[in-house]
Amino acid sequence: MSKFQLYNTLTRKLEDFEPAVSGRVGMYVCGPTVYGPPHLGHTRGPILFDVLRRFMEQQGWSVRFVKNITDVGHLVGDGDEGEDKLQKQARLEQIEPMEVAQSYTDAYNAVMDKMNVRRPSIEPKASGHIIEQIEMIQTILSKGLAYESKGSVYFDVAAYAKDHHYGELSGRVIEELMAGAGEQARSLEGQEEKRNANDFALWKKASPEHIMQWSSPWGKGYPGWHIECSAMSAKYLGTQFDIHGGGMDLLFPHHEGEIAQSCAAHGVNPARFWVHHNMITINGQKMAKSLNNGILAEDLFSGNHALLAQPYSPMTLRFFVLQAHYRSTLDFSNDALQAAQKGLQRMQAAWKTAQGLKASASSSLEMADLHQACAEAMRNDLATPQVIAHLFEWARRINLVNDGRETLDQAGLDQALELFRTYYFEVLGMQLEGSGDDQGLVSAMQVLLDLRAQAKADKNYALSDSIRDRLAEAGFQIKDGKDGSSWSRS
RNA sequence: GGUCGGAUGGCCGAGUGGCUAGGCACAGGUCUGCAAAACCUCUUACACCGGUUCGAAUCCGGUUCCGACCUCCA
């Protein structure tokens, strides 16, 4: 059996993955910055790392999965209110940043739940780990790799680069960064306090209108963008853990900064494997506010968006995302989503069919080969598109058996059901949709099917067709088979 | 400008040198009172130009386009 191979951005190669501590995996993934409702871009990473976690658990490893919530930083007068206005308002009318962060955290998790993304083992908030971050900054300061400047603390990239390789993850060359950063970076706030344009903030002095701020040895302020991940991952997973994940857009400067901070403070790269997923585009273009093509997850689910022809369910989204490899860009379009939706329906129908199959005395086809193929695909850098292709082949075989063209004995049938359960539900984390149908609905539908069967027996086709058509309008599809009729949501 | 990654059949999308991924759409067929569903068939597409090789979508070089990052970003 081949080993589990995972692409490591650090080495830009596929490598055999084994947990450093036998049987136990530590994984940290950069979570959302909760300053707005989750959009489609926020869905791919969570789905990928959920699948990675599920797969590793299926290998028998226990996974501690940490995903942070970034709730510090901006949140400065979200509605553009001036300071005066803010101060004059009654306290309860003021924007309370924690409340804003909480509501977006809830919105994020609601979307995750719908997509059947399991909650992490630990979901630490940056605001709850200010002390750890301050301690880490002090450690870096004590090593002479950071400096204080006007109430802020900056990481000294030039000093760090003397003994370390700054840029090892992103492939940036420090000299070029030093040379090129000049022009564009000048306009940024706070540049004049830095020794070098590439230095990044570990701690930022809070301006008066900055509502979220904490006391520190350097005065009131708030932590820099990269330090939270370093501090929290070290706290919950140790100074070095197995996997650090995130989007490719975080490669630089965020993850490069994390590596630098951790190497400075702890002397090691925090993660053995760095795993990055690619971006999502819409009709071939990147999502951007200026292009007005950003789609919120909830918009996709409701279909309430100019670019969407119809709603698409959370499972359609999950299925769609998994049909592309995580390191490829993935393009959203109505055509592509509709194709995914159709395929998903076919897959689910095959599962229902499989559950109703009766065993034959002997098997005319194998199922073990598919099981093997799915396992191989997953071990090959999480080749979920290939797993799905194999599951479609599984569906084809199930349908052949259902049509009486092939047979499965009890063992083969059990094996078939087990395969689908393992890979479709457990590893890919798919869920049946429409499973919210209660028993009353099922019974009522059976009454209608019985009436229609009677009408057909009486050759009253006007009536039987009317039942079928009206149910279709109501969103239920009737399927006539040899052994009677069944229904599904269309 | 720098760094990195792409260009695959009508659409999406796998493909880690030889063994035609898969889905959707279209078309033909089986089945059916008619449909739908299901099943079968739809028998090779890889930006361009060179090169390496017995053999290249896959490796090397060049060209043209596209994208991400370099500034908050999943």
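In what follows, chains are A, B, ... by sequence order, proteins preceding strands, each numbered from 1.
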Original post:
Is the backbone of A/L307 close enough, under 3.5 Å, to the side chain of A/H305 for a donor and an acceptor to pair up by distance?
Top reply: yes

Applying a 4.0 Å non-hydrogen cut-off, can you work out what [X] is touching in the nucleic acid: base, sugar-phosphate, or nothing?
X: A/T43; value: nothing
X: A/N399; value: sugar-phosphate
X: A/G171; value: sugar-phosphate
X: A/L250; value: sugar-phosphate
X: A/L251; value: nothing
X: A/G247; value: sugar-phosphate
X: A/N402; value: nothing
X: A/R468; value: base

Please determine whether a side-chain nitrogen of the Lys or Arg among [X] and [Y] lies less than 4.0 Å from a carboxylate oxygen of the Asp or Glu.
X: A/K205; Y: A/E193; answer: no
X: A/K67; Y: A/D50; answer: no
X: A/R397; Y: A/D369; answer: yes

Residue [X], side-chain atoms from C-beta onward, closest of [options]:
X: A/H42; options: B/C34, B/G23, B/A74; result: B/A74
X: A/K342; options: B/C34, B/C40, B/A25; result: B/A25
X: A/Y35; options: B/G13, B/A74, B/A36; result: B/A74
X: A/R405; options: B/C40, B/C70, B/A36; result: B/C40
X: A/L400; options: B/G22, B/C4, B/C40; result: B/C40
X: A/A389; options: B/U3, B/C40, B/A21; result: B/A21
X: A/F252; options: B/C69, B/G15, B/G13; result: B/C69
X: A/D403; options: B/C39, B/G15, B/A74; result: B/C39
X: A/R346; options: B/G23, B/A14, B/A35; result: B/G23
X: A/Q323; options: B/C40, B/G23, B/A21; result: B/G23

Any donor-acceptor pair, under 3.5 Å, between the side chain of [X] and the base of [N], if you only look at N and O atoms?
X: A/R172; N: B/C69; answer: yes
X: A/D465; N: B/G33; answer: yes
X: A/D335; N: B/A25; answer: no

Say you pick atom [atom1] in [N] and the same atom in [M]; how far apart are they, in whole Å?
N: B/C42; M: B/U53; atom1: P; result: 37 Å
N: B/U41; M: B/A68; atom1: C1'; result: 42 Å
N: B/C39; M: B/C31; atom1: C1'; result: 9 Å
N: B/G13; M: B/G9; atom1: P; result: 11 Å
N: B/G61; M: B/G67; atom1: C1'; result: 23 Å
N: B/U3; M: B/G62; atom1: P; result: 13 Å
N: B/A36; M: B/A21; atom1: P; result: 29 Å

Original post:
Think A/T33 has a side-chain N or O under 4.0 angstrom from the OP1 or OP2 of B/C72?
Top reply: no

Original post:
Can you find a side chain N or O atom of A/R12 that sits less than 4.0 Å from OP1 or OP2 on B/G5?
Top reply: no

Original post:
Relative to A/Y7, does A/R327 satisfy both conditions: NZ or CZ under 6.0 angstrom from the six-membered ring centre, and within 45 degrees of the ring's axis?
Top reply: yes

Subject >> Over-ring placement of A/R44 relative to A/Y326, 6.0 Å and 45° cut-offs >> reply: no

Original post:
What's the CG-P distance between A/L449 and B/A36, to the nearest Å?
Top reply: 19 Å

Subject >> Nucleotide B/A7, atom P - distance to NE2 of A/H325 in whole Å >> reply: 13 Å

Original post:
So which one's nearest nucleotide on RNA chain B is more toward 5', A/A339 or A/Y461?
Top reply: A/A339

Subject >> Whichever of A/S464 and A/H277 has its nearest RNA chain B nucleotide further upstream toward 5' >> reply: A/S464

Original post:
Parallel, tilted or perpendicular for A/H39 and A/H42, by the 30°/60° rule?
Top reply: tilted

